[in-house]
Amino acid sequence: MDFCVGNTTKSCDGASDDDENGSTRKKLRLSKQQSAFLEESFKEHTTLNPKQKLALAKQLNLRPRQVEVWFQNRRARTKLKQTEVDCEYLKRCCESLTEENRRLQKELQELRALKTCQPFYMQLPATTLTMCPSCERVATNTTGAAATNKNNPAAALSIDKPRILP
DNA sequence: TCAGACTCCTCCTTTACCTCA
DNA sequence: GTTGAGGTAAAGGAGGAGTCT
């Protein structure tokens with residue numbers, strides 16, 4: 001396969017050795033075929049062993065260093081994308097928690113209002129008042145459920161963490 | 001067995017260049 | 001034709017792991 005077909009501008013001069021001395025730093029553009037082939041390889045393995053690197057370089061008519069650098073940059077791009085996805089995910093978590101907090105604050109206010117309205121004999125100690133008015137479940141420890149998920153808001157909110165696949 | 005030198009590899013940051021609106 | 005932003009190939013340095021003496 002000829003990977004130098006259809007190149008734009010300075011593509012495919014990477015295999016030349018005119019910048020081997022380090023004096024010039026030519027910017028080349030990989031051809032679509034080369035990029036596509038590298039992408040396919042990246043899907044199979046995100047890092048290369050020396051044999052794979054050499055084989056790829058030979059196949060694409062590039063220097064091994066170029067293949068290496070391409071994989072380096074590709075891993076960086078993947079990581080950046082994953083960071084963006086993680087950021088979105090955390091934003092959603094934050095929004096959900098804010099909403100949950102708002103709801104609980106409101107509920108607390110309602111409970112306080114209810115308490116001031118009730119006659120004295122109805123005002124039992126807090127430890128015996130264990131029914132949650134929102135879910136109508138009876139519990140013995142009101143702080144237990146919150147403590148279980150305090151370090152994992154996602155688990156508490158049932159939000160699946162998204163993952164970028166190579 | 002341990003320490004130091006060396007090599008190789010990956011990651012991260014920066015630079016330089018290309019493309020496009 | 002010029003310019004600025006965004007994308008990306010490439011360079012260079014830091015640090016970790018493996019090998020050798």
Side-chain angles (χ1 to χ4, degrees), chain A residues 1-109 132 134-135 137 139 141-166:
Chain A
M1 195 187 291
D2 182 8
F3 283 103
C4 281
V5 176
N7 288 326
T8 59
T9 61
K10 290 178 179 175
S11 300
C12 267
D13 55 359
S16 68
D17 52 2
D18 57 356
D19 55 349
E20 288 291 305
N21 55 16
S23 60
T24 57
R25 183 169 156 183
K26 279 195 178 173
K27 184 86 175 184
L28 70 103
R29 197 86 192 169
L30 300 178
S31 71
K32 278 184 180 168
Q33 289 100 325
Q34 284 171 323
S35 295
F37 201 86
L38 287 165
E39 279 291 344
E40 284 305 309
S41 305
F42 189 79
K43 277 181 194 169
E44 285 172 29
H45 26 66
T46 56
T47 55
L48 293 174
N49 61 38
K51 249 186 178 177
Q52 291 170 325
K53 195 201 302 180
L54 277 174
L56 258 181
K58 199 173 177 186
Q59 218 163 347
L60 298 175
N61 192 29
L62 294 171
R63 278 174 285 128
R65 173 67 181 158
Q66 283 179 291
V67 174
E68 186 183 311
V69 165
W70 187 92
F71 268 75
Q72 235 173 65
N73 287 320
R74 185 64 180 77
R75 283 192 292 271
R77 284 197 289 274
T78 301
K79 193 174 179 183
L80 190 67
K81 271 268 187 296
Q82 184 60 54
T83 303
E84 284 171 10
V85 169
D86 285 351
C87 195
E88 270 306 307
Y89 162 75
L90 288 173
K91 233 165 86 182
R92 276 172 53 208
C93 281
C94 186
E95 283 166 5
S96 297
L97 286 171
T98 304
E99 182 54 39
E100 174 79 352
N101 186 41
R102 201 171 295 138
R103 190 185 65 73
L104 288 170
Q105 290 286 353
K106 193 180 163 196
E107 200 174 297
L108 184 62
Q109 266 188 351
C132 172
S134 62
C135 63
R137 263 186 289 174
N141 185 356
T142 54
T143 59
T148 306
N149 291 319
K150 71 176 182 181
N151 291 326
N152 190 356
L157 298 166
S158 303
I159 299 174
D160 291 331
K161 190 168 183 177
R163 278 280 138 208
I164 297 256
L165 296 172

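Lettering follows sequence order; numbering is per chain, from 1. Note that these values count all heavy atoms, side chains included, but never hydrogens, waters or copies made by symmetry.
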Handout entry: Any residue meeting salt bridge (charged side-chain N to carboxylate O under 4.0 Å, His left out) with E95(A), in chain and number order, not counting sequence neighbours
Key = none
Practice task
May I ask you to test the T46(A)-T78(A) pair for a side-chain heavy-atom distance under 4.5 Å?
Solution key: no
Practice task
Using whole Å, report how far CZ of R77(A) lies from P of dG6(C).
Solution key: 17 Å
Practice task
Please determine if a side-chain N or O atom of R74(A) lies less than 4.0 Å away from the OP1 or OP2 oxygen of dA10(C).
Solution key: no
Handout entry: Pairs touching residues 62-82 of chain A that satisfy ring-ring contact (aromatic ring centres under 6.0 Å, His included), sequence neighbours left out
Key = F42(A)-F71(A)
Exercise for the section: Write down the distance between CG (L80(A)) and P (dT8(C)), rounded to a whole number of angstrom. Expected result: 11 Å
Atom pairs under 3.5 Å, N or O on each side, protein against nucleotides 8-12 of chain B: can you list them with distances?
from, atom 1, to, atom 2, distance (Å)
dC11(B), OP2, R75(A), NE, 2.3
dC11(B), OP2, R75(A), NH2, 3.1
dC12(B), OP1, K79(A), NZ, 2.2
dC12(B), OP2, K79(A), NZ, 3.2
dC12(B), N4, Q72(A), OE1, 3.2

Handout entry: Protein-nucleotide distance (L30(A), atom CG; dC18(B), atom P), rounded to Å
Key = 14 Å
Practice task
Report the residues that fulfil side chain to side chain contact (heavy atoms under 4.5 Å, CB included) with E88(A), sequence neighbours left out, ordered by chain and then residue number.
Solution key: K91(A)
Handout entry: Residues which pass side-chain hydrogen bond (donor to acceptor under 3.5 Å, both in side chains) with K51(A), listed by chain and number, not counting sequence neighbours
Key = none
Problem - Rounded distance in Å - NZ (K32(A)) to P (dT8(C)) - result: 13 Å
Exercise for the section: Take the protein atom CG of N73(A) and the nucleotide atom P of dG12(C), then report the distance between them rounded to whole Å. Expected result: 15 Å
Exercise for the section: Apply side-chain hydrogen bond (donor to acceptor under 3.5 Å, both in side chains) to E99(A) and list each qualifying residue two or more places apart in sequence or on a separate chain. Expected result: R102(A)
